[in-house]
Structure formats: structure tokens, C-alpha cells
Amino acid sequence: MDKLLKLTEDIKILWTNYSDQYLIGIRNTLILAVVATLVGCLIGFVCGILNTIPCAKQDPPLKRFFLKLIRAIVRIYVEVFRGTPMVLQAVFIFYGLPYFTDGAISFKGMSGIWMAAMVVVSVNTGAYMAESVRGGINSVDSGQTEGAKAIGMTHVQTMTNVIMPQAIRNIIPQIGNNFIINIKDTSVMFVIGFVEFFGAHRNIVGMNLKYFPSAVIEMVGYLTLTLVASFLLRWLEKKMDGSDHYELVQEDPLVMTAGTYRHPNRGSCLDEQSREFSKAGKRKSGRQEGGR
């Protein structure tokens, strides 16, 4: 119990003295994770679409050569960046590019560090998203592609109007996973001097040596960020799914078999509340009275 009280006191002291640095670290983490995820998704969409362009034997040899070349480049890119740690990718990009270009390409100052961090996380995310997009496109039934071609749609029109809207919904969970992963994995950017949430923790610990209390603040902060992100992503998925409540149209007896839908406040010709029913009843009663 005494240890918990001491831990609580240390955490309170750290937050009182260094809350500004922690909050700046959280801000940098969120900015880097959001922007890098968006850019990574764009890279992944381009690579995934290029990887799914149809290539038939009857196509011109030049077209088949370029498609195979593009697929080979995309495959190498995906395998390299998925198969190596992000911390080493940061080292190779931040220190390797200036080394091989004799300083022609370098990341100087805070703006350079920000640029390097964005490039590293974006390219890493793009490698994962490329496979997610390819899987999302392949998950759409091939009959829809054939149907689109049958009505004269080009490959671009088929992808933009038929396949991609469904594929995007299928890969939304993976986009969310990559965003949550980026919130945590940006912590390795301290290796190039980028001060995000974990980098702020390292700086603060270097000043007061309270490593574990600061680590508790880090743990709670990262957990809060990921929980909020998960909640927002689930909300987005529900919004994209639309309403789960529908009612069948009953304005005509035959539409029951057509599977269409109606407004819940409108009746049918078989419903006592509808105008059609009341009119039909009046006509029937009029005929009966006339017959008498």
C-alpha cells in the first residue's frame, strides 16, 4: 500500500512539473500517426490497384511486360518494408540517404526530422495497406466485375464505381488497426531525434530518474489514445453500414415478393389505414347499396 501511495505521489509530481512536455509528445504522436496513416493508405491503394490490373495472354507484349514489372516492384517494396523493423527503416532513411548521396539528401533541423519520420511511417504503413487493399479488391465477387464489363464499363469505371466502394468497407477495420499500430510504433522514432510521447518520456526520465512512474503515465496515455481511436473507428463502421431496420413495401400485393421497401408511416391497399383500402371499401359498399 505504501508503494502505491509513493507511486501516486511520484506520478502527481511528474505530471505537475512536466505535463506540458507530455502533452506536446501526445500531440506530435497524433499528428504523425494521422498524417502517416492517410499517406500510407494512399500508397497502399495505388499499389493494391496496380497489383490487380488484369493481364491476359491476348494483351500486347509491351503491356504485359510493364504490368509484370510493376507487380515485381510492388512485391519487392511490400516484402522489404513488411519484413524489416520500423526502427531500422528509420535508421536507413535518416542516416543512409545522406550517406549514399554524400549529403545531397539530408534531413536537417526539426523540419527535416519531421519529414523523415513522416516518410518512414508512411512508407511502412503503405506496405501493409497494399496487401490489405489487394485482399479487399479480391474479396468482392468476380461476378460484379463481369457484370460491369457486360454493360460496357471500362476497368477504371468498374474499379471506381463498383469494386472500390465495397473494398473500402471491407478494409476499414484494417485501416483502423494500422492507425492504432502507428500510434504505438511512432515510439521508435526517438532513434532519429523525433520527440513524440515516448521521446518526451525519455527526456523527462533523464532529468529526474523516475523511470517507472513516468512509464505508468506513458502506459495510461497510450491506452487512452488507442481506446478512443477504437471507439471512433467502430462508430465509423456503423455509420458506413447504415441502418439495420427495413420494412417491406406493401402498397401493392406483388411488391412483397419483389423485396422493395416502404416508408413506415404509409399503408398498403390491404391495410385498413391506407387510402386505397378506404376507397375500395367505399366503392364496394356503393355497389352493394345500388344493387339493393
Side-chain angles (χ1 to χ4, degrees), residues 37-78 122 125-179 232-271 274 276:
T37 302
L38 293 176
V39 176
C41 287
L42 181 61
I43 295 173
F45 274 104
V46 172
C47 293
I49 292 171
L50 290 176
N51 225 359
T52 55
I53 296 177
C55 181
K57 292 183 178 180
Q58 59 268 25
D59 290 337
L62 188 61
K63 178 182 177 181
R64 283 185 290 155
F65 170 77
F66 276 109
L67 286 178
K68 290 181 180 180
L69 178 62
I70 289 172
R71 290 178 180 178
I73 294 173
V74 170
R75 174 54 56 187
I76 292 172
Y77 158 64
V78 169
S122 299
T125 304
Y128 286 93
M129 284 306 305
E131 288 298 288
S132 299
V133 172
R134 185 180 65 84
I137 292 174
N138 291 336
S139 68
V140 179
D141 186 65
S142 58
Q144 299 195 34
T145 303
E146 296 172 359
K149 291 180 179 178
I151 63 175
M153 296 179 71
T154 64
H155 178 71
V156 175
Q157 291 173 329
T158 302
M159 290 298 296
T160 56
N161 298 310
V162 179
I163 304 300
M164 290 309 298
Q166 300 177 70
I168 289 174
R169 175 59 188 89
N170 293 338
I171 65 177
I172 280 291
Q174 188 58 39
I175 294 175
N177 288 339
N178 284 328
F179 175 61
L232 293 176
L233 290 166
R234 290 193 184 98
W235 174 82
L236 178 61
E237 289 179 25
K238 290 182 180 179
K239 283 293 183 182
M240 294 187 68
D241 288 339
S243 175
D244 57 354
H245 176 67
Y246 301 95
E247 294 189 26
L248 291 174
V249 172
Q250 295 178 356
E251 295 180 355
D252 188 288
L254 296 178
V255 288
M256 293 296 294
T257 60
T260 52
Y261 304 99
R262 72 168 178 83
H263 191 279
N265 295 329
R266 296 175 183 171
S268 71
C269 61
L270 303 178
D271 191 349
S274 68
E276 290 81 358

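None of the values given here were measured: they were computed from a predicted structure. As a basis for the values below, the full set of heavy atoms in this structure was taken, side chains included, without hydrogen atoms, waters or symmetry mates.
- A donor-acceptor contact shorter than 3.5 Å links the side chain of R71 to the backbone of I53.
- With sequence neighbours excluded, no residue forms a salt bridge (charged side-chain N to carboxylate O under 4.0 Å, His left out) with R234.
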Apply side-chain contact (heavy atoms from CB on, under 4.5 Å) to the pair I175 and C41, showing each step before the final yes or no. CA-CA 8 Å; I175 294 175; C41 287; 3.8 Å; yes
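- With E131 contributing its side chain and A127 its backbone, the two residues share no donor-acceptor pair below 3.5 Å.
- Between I171 and G136, the shortest heavy-atom contact is CG2-CA, 3.8 Å.
- Between E146 and K149 there is no salt bridge, since no side-chain nitrogen of the basic residue lies less than 4.0 Å from a carboxylate oxygen of the acidic one.
- With values rounded to the nearest 0.5 angstrom, I70 atom CD1 is found 10.0 Å from F65 atom CZ.
- Here OG of S132 is found 6.0 Å from CG of N178. Values are rounded to the nearest 0.5 Å.
- Contacts of F66 classified as ring pair (Phe, Tyr, Trp, His ring centres under 6.0 Å), with partners at least two apart in sequence or in another chain: none.
- The OG1 atom of T125 sits 9.0 Å away from atom OH of Y128, with the distance rounded to the nearest 0.5 Å.
- From K63, atom NZ reaches atom CD of Q58 across 9.0 Å, with rounding to the nearest 0.5 Å.
- A donor-acceptor pair is defined here as one N or O able to donate and one able to accept, closer than 3.5 Å; such a pair exists between the side chain of N161 and the backbone of Q157.
- R134 contributes atom CZ, which lies 12.0 Å from atom SG of C47 (distance to the nearest 0.5 angstrom).
- For I137, the side chain to side chain contact (heavy atoms under 4.5 Å, CB included) partners are I49, T52, V133, M159, I163, M164, A167, not counting sequence neighbours.
- Side-chain contact between I43 and Y77 is present, with heavy atoms from C-beta onward closer than 4.5 Å.
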